[in-house]
Amino acid sequence: MSDFKERIAGDLLAVRSRSLAYTEAEDDLLVRQHSPLMSPLVWDLAHVGNYEELWVLREAGGLTPLRPEIDDIYDAFKTPRKDRPSLPILGPAEARRYIEGVRGRVLDVLDAVDFDDPAPLRRDGFVFGLVIQHEHQHDETMLATLQLSKEPGLVRDGRLPPARPGGPAEVHVPAGPFLMGTDTQPWAYDNERPAHRVDLPAYWIDRLPVGNGAYAAFIEDGGYHDPRWWTGEGWEWRQRQGVFAPLFWTKDGGDWHRTRFGRTEPVPMDEPVQHVSWYEADAYARWAGKRLPTEAEWEKACGWDAGAGRARKYPWGDHEPTPELANLGHRAARPAPLGAYPAGAGPYGAEQMIGDVWEWTGTWFDGYPGFRSFPYREYSEVFFDRDYRVLRGGSWAADPAAIRTTFRNWDYPIRRQIFTGFRCARDAERA
Ligand SMILES: [Fe+2]
């Protein structure tokens, strides 16, 4: 096997051990629906195998379906999450057997594939990148389900570098054009393409994500009770839901606590805030006299190397993330403290843009100019309807294989169970 094939085989193995680790639990926990927002964990497990069968075995490998009768059950578009518990889904043992059977054949296809094949699914191993990234994305979803399950002891925690207090609050990004999106990252999704020129005026962007301490100050200042900071829709949502703090936060005496994977602990004030909706992020930004960055501002600050006239794959350059550069790949089950990654700073000095928390942007999810859906419309295009806000940068639960400066995620502005925070920006003209 070539080095590239060995690397893909290694990535396939790594993502599968991750999925199996998140489903190492009693059957009852795996088949239960912990929230109407989420699938039972065992659905996610068989779904990643079914997706792998569909794309690698059938579409790229030309093989006949192994179990065509289960396709509809595992098609995320035919069965909304709320309906999944009532379907005849595979039980945990059967799901594990099924995905293992698929995986064995996937490795045979990998062994035989020609990466110079002009077919776009096979060229540069795109289809393998597709399934590896897809499974990592489901692993992150499974972590969100495990968080909602409130079961303690199922999710591994770990050590992270310490906070580094001090340093400027904002970094300046000079006016000028940059290249947004990519034509050169072989495993980039359709929604990251094509690369296109975007000219931006100068702006300031926060050096770090908004921390729990700053967010608590917004709460203490009555931010949740002052409609001035909220959009009309956001205010209506806040009132209807009775929201007064990030999801999983409670006030015990005078102090904020949070429940994280089944354990309650004091809120660490020097960590990026997570589990806030777009509406909350937007209200905080207005209270702070700022706004959310646009998606283009976010991407330029994250990776545009003006000197070299090109975008970096990661803020620090093109080399792979290490534990000193970013908090990715579930090293610990939480964001790292603010300032923990000076070596991971981007070209303008912004830190922690990759890893820790997904970051809400002010932009609706849409196709770039010249967008062409590939390999299927339901990956991105059906979401281009101004219902979804763009999220950037990946969280502590995102894997390095499924994150880069151009990577785009999206969700409804009301969503809070995802590992999402934000940072603010402002126009440079303002004094
Ligand atoms: Fe999926």
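Computed from heavy atoms alone, side chains included, the values below leave out hydrogens, waters and symmetry copies. Bear in mind the structure is a predicted one, so any value in this text is a computation, not a measurement. Note that the numbering runs from 1 along the sequence shown for the chain.
Looking at Arg404 and Asp318, no side-chain N of the basic residue comes within less than 4.0 Å of a carboxylate O on the acidic one, giving no salt bridge. By the 4.0 Å N-to-carboxylate-O rule, Lys78 lies close enough to Asp72 to be salt-bridged with it. With respect to Asp366 and Arg386, no salt bridge is recorded, no charged nitrogen being found less than 4.0 Å from a carboxylate O. A salt bridge between Glu280 and Arg416 is present, with a side-chain N of the basic residue lying under 4.0 Å from a carboxylate O of the acidic one. Taking the charged nitrogens against the carboxylate oxygens, Lys5 and Asp111 have no contact shorter than 4.0 Å, which rules out a salt bridge. Between Glu100 and Arg96 there is no salt bridge, since no side-chain nitrogen of the basic residue lies less than 4.0 Å from a carboxylate oxygen of the acidic one.
Other residues, nucleotides and ligands contribute only 12 or fewer heavy atoms inside 6.0 Å of the CD atom of Glu233. Crowding of Gln239 atom CD: a count of heavy atoms from other residues, nucleotides or ligands under 6.0 Å exceeding 12.
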Test side chain to side chain donor-acceptor pair (under 3.5 Å) applied to Asp71 and Asn50, step by step = CA-CA 7 Å; Asp71 285 353; Asn50 185 247; 3.1 Å; yes

Mind running side chain to side chain donor-acceptor pair (under 3.5 Å) on Glu192 and Thr406 for me, showing each step along the way?
-> CA-CA 6 Å; Glu192 297 168 69; Thr406 57; 2.7 Å; yes

Step by step, work out the ring-ring contact (aromatic ring centres under 6.0 Å, His included) result for Tyr388 and Phe383.
-> CA-CA 7 Å; Tyr388 301 88; Phe383 301 99; 5.3 Å; yes

Report the C-alpha distance between Arg408 and Tyr368 in whole Å, list the side-chain angles of each, state the deciding distance to 0.1 Å, and finish with yes or no for side chain to side chain donor-acceptor pair (under 3.5 Å).
-> CA-CA 11 Å; Arg408 309 174 76 198; Tyr368 290 155; 3.3 Å; yes

Where do Trp410 and Phe365 land on the ring-ring contact (aromatic ring centres under 6.0 Å, His included) test, with the steps shown first?
-> CA-CA 6 Å; Trp410 62 95; Phe365 185 52; 4.1 Å; yes

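Under the 30°/60° scheme for interplanar angles, the aromatic rings of Tyr215 and Trp249 are found to stand perpendicular. The aromatic rings of Phe115 and Phe128 stand perpendicular to each other, their planes meeting at an angle above 60°, with 30° marking the opposite boundary. The aromatic rings of Tyr284 and Phe218 sit perpendicular to each other, their planes meeting at more than 60°, with 30° as the lower class boundary. Using the six-membered ring where Trp is involved, Phe407 and Trp358 have ring planes that are tilted, between 30° and 60° apart. Relative ring orientation between Tyr314 and Trp316 is described as parallel, the plane-to-plane angle staying below 30° on a 0-90° scale split at 30° and 60°.
With hydrogens and angles ignored, the 3.5 Å screen pairs no side-chain donor or acceptor of Glu320 with any backbone N or O of Pro400. Distance alone, capped at 3.5 Å, places no donor-acceptor pair between the Arg389 side chain and the Pro413 backbone. No donor-acceptor pair closer than 3.5 Å links the side chain of Trp278 to the backbone N or O of Val390. Although no hydrogens or angles enter the test, the distance criterion places a donor-acceptor pair under 3.5 Å between the side chain of Glu53 and the main chain of Leu66.
Atoms OG and CD1, on Ser395 and Ile418 in that order, are 9.5 Å from each other to the nearest 0.5 Å. Note that the CD1 atom of Ile70 and the CD1 atom of Ile89 stand 11.0 Å from one another [nearest 0.5 Å]. In this structure, the separation between CD on Gln133 and CG on Asp11 is 10.0 Å, given to the nearest 0.5 Å. Between Ser2 atom OG and Ile8 atom CD1 the span is 7.5 Å, to the nearest 0.5 Å.
Take Phe419 and apply the ring-ring contact (aromatic ring centres under 6.0 Å, His included) test, not counting sequence neighbours, and it matches His275, Trp396.
In this structure, Tyr22 has its ring center under 6.0 Å from that of His330.
Taking 4.5 Å as the limit, every side-chain heavy atom of Tyr348 sits out of range of all side-chain heavy atoms of Cys302. Using a 4.5 Å cut-off on side-chain heavy atoms (C-beta onward), Met142 and Thr23 make contact. Using a 4.5 Å heavy-atom cutoff, the side chains of Arg423 and Arg207 are not in contact.
For the residue pair Glu359 and Trp298, a side-chain donor N or O sits within less than 3.5 Å of a side-chain acceptor on the partner.
For the pair Arg286 and Trp235, the cation-pi criterion (under 6.0 Å, within 45° of the ring axis) is not fulfilled. Cation-pi contact between Arg84 and Trp43: present, with separation from the ring centre below 6.0 Å and deviation from the ring axis of at most 45°.
Considering every non-hydrogen atom in both Pro88 and Ile73, the closest pair reads O-CD1, 3.6 Å.
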Please table the atom pairs, donor to acceptor, closer than 3.5 Å between any side-chain atom in residues 372-379 and protein atoms at least two apart or in another chain.
from	atom 1	to	atom 2	distance (Å)
Tyr376	OH	Tyr51	OH	2.8
Arg377	NE	Glu381	OE1	3.4
Tyr379	OH	Gln137	NE2	3.4

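Residue pairs meeting the side-chain hydrogen bond (donor to acceptor under 3.5 Å, both in side chains) criterion with at least one partner in residues 193-203, sequence neighbours excluded, are absent.
Considering Arg105, Arg103, Arg58 in turn, Arg103 is the only one that fulfils the salt bridge (charged side-chain N to carboxylate O under 4.0 Å, His left out) rule with Glu52. Results of the salt bridge (charged side-chain N to carboxylate O under 4.0 Å, His left out) test with Glu297 over Lys290, Arg392, Arg291 single out Arg291 as the only residue that passes.
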